[in-house]
Amino acid sequence: MKAIVYLQFNGEAEEAIAFYEKAFQAKSVKVKFGAFGQNSEYPLSEEEQNMIMESRMEFSGNILMISDVLPSMQDITGAVTKGSMVLISIIDADPETNKQFFEKLSEDGTVIMPLSSMPWSASFGMLVDKFGVTWKFNSEASKFLDSFLN
């Protein structure tokens with residue numbers, strides 16, 4: 001079993017995928033809602049057919065999935081809003097990898113805490129990317145937490 005990060009967007013998934021592919025130097029596979037043809041009982045507009053139904057991106061042994069939420073689905077699930085209680089934490093990466101990802105993810109975003117050395121980590125920082133997703137970097141998270149085991 002695995003737990004992964006799955007981000008949902010309100011029509012911005014394609015743009016987000018391109019942004020994250022560049023940031024992580026990754027490739028993705030994506031499927032649009034229109035790939036399966038129309039259901040006559042629930043027809044989709046051309047705009048909805050071009051939205052991302054499902055995508056998967058792999059980088060550094062991790063998986064990130066992204067999709068759009070159709071306007072008709074939001075009537076049931078609630079509106080997709082920028083930002084949320086989701087925080088993605090990149091842990092145990094070497095400081096240079098953290099630097100590369102941090103710089104690219106912070107483009108047009110907001111740096112909360114610049115990458116720097118802390119007593120608990122050689123490379124720690126936080127940012128909110130241009131899509132409102134919060135990212136935390138901690139190059140020694142496991143080592144730090146393991147130091148508290150009895």
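Taking CG from N50 and OG from S45, the interatomic distance works out to 8.5 Å, rounded to the nearest 0.5 Å. Considering CE of M53 and NZ of K32, their distance stands at 13.0 Å, rounded to 0.5 Å. Here CG of N98 is found 10.5 Å from CZ of F124. Values are rounded to the nearest 0.5 Å. In this structure, the separation between CE on M51 and CG on N10 is 6.0 Å, given to the nearest 0.5 Å. Rounded to the nearest 0.5 Å, atoms CG (D92) and CZ (F137) are 13.0 Å apart.
Here the side chains of W135 and F101 are not in contact, with every heavy-atom distance at 4.5 Å or above. Within the 4.5 Å cutoff, the side chain of V128 has heavy atoms near those of the T134 side chain.
Relative ring orientation between Y20 and F131 is described as tilted, the plane-to-plane angle lying within the 30° to 60° band.
In this structure, the side chain of S121 engages the main chain of S139 through a donor-acceptor pair within 3.5 Å. E14 places no side-chain N or O within donor-acceptor distance of the main-chain N or O of I52, the cut-off being under 3.5 Å. Side chain of Q49 to main chain of L44: a donor-acceptor pair is present (N/O by atom type, distance under 3.5 Å, no hydrogens or angles). Listed for the D68 side chain is a donor-acceptor partner under 3.5 Å among the backbone atoms of E12. A side-chain donor-acceptor contact under 3.5 Å links E21 to the backbone of S28.
Taking hydrophobic clusters as Ile, Leu, Val, Met, Phe, Trp and Tyr residues chained together by side-chain heavy-atom distances below 4.5 Å, V133 does not share a cluster with M65.
No more than 12 heavy atoms of other residues, nucleotides or ligands sit less than 6.0 Å from atom CD of E47.
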